[in-house]
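The basis for the numbers below is simple: all heavy atoms, side chains too, and nothing from hydrogens, waters or symmetry mates.
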2 protein chains.
Amino acid sequence: MMRGNLFAVAVDLVVLTVRHDQLHVLLVRRGERPYESHWALPGGFVRADEDLGDTAARELAAQTGTATQGAVQGHLEQLGGYAAPGRDPRGRVLSMGYLALLPDIPDPETTNGPTAAFLPVEDVYGLAFDHDVILADGVERARAKLEYTTLAAAFCPPEFTVTDLRRVYEAVWRTEIDPRNFQRKVTSTPGFLIPTATRVTGGRGRPPQLFRRGPATALHPPMLREPVSMAHATT
Amino acid sequence: MMRGNLFAVAVDLVVLTVRHDQLHVLLVRRGERPYESHWALPGGFVRADEDLGDTAARELAAQTGTATQGAVQGHLEQLGGYAAPGRDPRGRVLSMGYLALLPDIPDPETTNGPTAAFLPVEDVYGLAFDHDVILADGVERARAKLEYTTLAAAFCPPEFTVTDLRRVYEAVWRTEIDPRNFQRKVTSTPGFLIPTATRVTGGRGRPPQLFRRGPATALHPPMLREPVSMAHATT
DNA sequence: GCAATAGTGTCTCTGAGACAGTATACA
DNA sequence: TGTATACTGTCTCAGAGACACTATTGC
């Protein structure tokens, strides 16, 4: 029975969050060869009794703290497989990329493990292995999914304002969105936002309404990030 | 250096086509254990010097004939990784699912290899391994992609009519689409369809215009498969 | 002529972009 | 009072659904 070559299988996480109106990604500084002292995506090898999603969830909890998992409704999904020959000098390694979207949480404590920090996605390049590619794929996936899903709320804390949500879109897409039209769009989508009794206090202007995530997952019709109106172009 | 367990890595193909206005998938009848004489997705193990896409393209060419590859502009993309413990009784096997969209080509010759045939997706169940899941994921991916890309044309021969293209949508989505509105939509999307000088002859009614695929890949705004108009629902 | 398929025009309604105007807080 | 932020309302235009109508073939 021909079984082909054997691979080590790892999971690498693209953990995104929005901090200071900028998209950030969680990176770890490698403490061993290869790529020692380079920044890399957090990840690890799949254990004997684990499915891929189990490994991803375990690594995510290990990197961000278990407390994050239960309380905050983040998002974790598979991105794709990366297995180019030579991508790891140690041998044949297939890496499954996973995409995680989280609210803005503090940088992980650097107690026993390696240094870990959220860095602005724009400033990131020269990661270890082919992690630049995996990161780019993850960011593009996140950008695309904001269009037709309600996943932007995964970047927000359990209770948030419409302005918070809009800043997520603006940070991820690097665009500006009209606050009035945005308000109309998201509040008129049934099941997207559930109003909360409480209001924010202490701000500068009128206190905004607080919302929780609703049960809706799809956005129909989608939110468009590009100017449409390219129909009737003379081609 | 902890490297975790080792996996055999395979590629399994979800090869879809539209035949007789029905979505079909290419299956092979297994000639060996496990799952001997069960239907399964075509696939094979990744070779030492291959990337995942190379394996997928090689298997696709082997299954459908090399002639198909050059002439017809099909589509091949990665679907996802499947690695649940126990999904293959022989041991730890990670399978990368790939999705291929092809025009209606004849069933492959059964000369040396196992029996292979296109079967209607609706009638397919009880595939080997976890291939039912991979197939379902592939079909759902194809359905979703028709909404916001021009990939429906990948199901069509090099020259096709607007009606051919509409039948692709109707077969994949299992819906009916108004021919007039569909015509308006696709012909007014710049770069989707390029008219051809020739027309079809021998049909029953007015001879239709023939088109080739244009350079456009995205559909902005997308084609909606669900009735929208769920806004203003009292919730 | 009739039937069948291809393609155009028109009406209506939803929804997005633009932006004036109102509401409610703090200083 | 002024300023800042939150929110509502209105106008306009693009585009989708519905469907009447015209065009071009075979019979």
Legend entry - N or O in side chain of B:T163 less than 4.0 angstrom from C:dA6 OP1/OP2: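 Yes, because at least one side-chain N or O of B:T163 sits under 4.0 Å from OP1 or OP2 of C:dA6.
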
Inset, instruction - Answer yes or no: does a side-chain N or O of B:K185 lie under 4.0 Å from OP1 or OP2 of D:dA16? - result: yes

In whole Å, I'd like the distance from the [atom1] atom of [X] to the [atom2] atom of [N].
X: A:F160; N: D:dT5; atom1: CZ; atom2: P; answer: 21 Å
X: B:M223; N: D:dA14; atom1: CE; atom2: P; answer: 20 Å
X: A:L224; N: C:dG15; atom1: CG; atom2: P; answer: 13 Å
X: B:E176; N: D:dG17; atom1: CD; atom2: P; answer: 14 Å
X: B:F182; N: C:dA6; atom1: CZ; atom2: P; answer: 12 Å
X: B:L210; N: C:dA6; atom1: CG; atom2: P; answer: 11 Å
X: B:N181; N: C:dA6; atom1: CG; atom2: C1'; answer: 15 Å
X: A:H220; N: D:dA16; atom1: NE2; atom2: C1'; answer: 14 Å

Inset, instruction - Tell me which of B:P222 and B:R206 sits closer to the 5' end of DNA chain D, going by the nucleotide each one is nearest to. - result: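 By nearest-heavy-atom nucleotide position, the 5'-most residue is B:P222.
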
Is there a donor-acceptor contact under 3.5 Å from the side chain of [X] to the main chain of [Y]?
X: A:S95; Y: A:Y82; value: no
X: B:Q63; Y: B:P108; value: no
X: B:T150; Y: B:A216; value: yes

Inset, instruction - Assign A:T161 to base, sugar-phosphate, or nothing according to its heavy-atom contacts below 4.0 angstrom with the strands shown. - result: nothing

Legend entry - Test: B:R166 and B:E170 ion pair at under 4.0 Å: yes

Heavy atoms from C-beta onward define the side chain here; which of [options] lies closest to that of [X]?
X: B:Q183; options: C:dG7, D:dT5, C:dT5; answer: C:dG7
X: B:R180; options: C:dG9, C:dA6, D:dA16; answer: C:dG9
X: B:R204; options: C:dA4, C:dA16, C:dA27; answer: C:dA4
X: A:Q209; options: D:dC7, D:dC27, D:dC19; answer: D:dC7
X: B:P207; options: C:dC19, D:dA16, D:dT25; answer: D:dT25

Legend entry - Residue among B:C156, B:P158, B:P195 satisfying side-chain contact (heavy atoms from CB on, under 4.5 Å) with B:F211: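 So, applying the side-chain contact (heavy atoms from CB on, under 4.5 Å) to B:F211 and each of B:C156, B:P158, B:P195, only B:P195 qualifies.
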
Legend entry - hbond_proxy B:R184 side chain to C:dG9 base (donor-acceptor, 3.5 Å cutoff): no

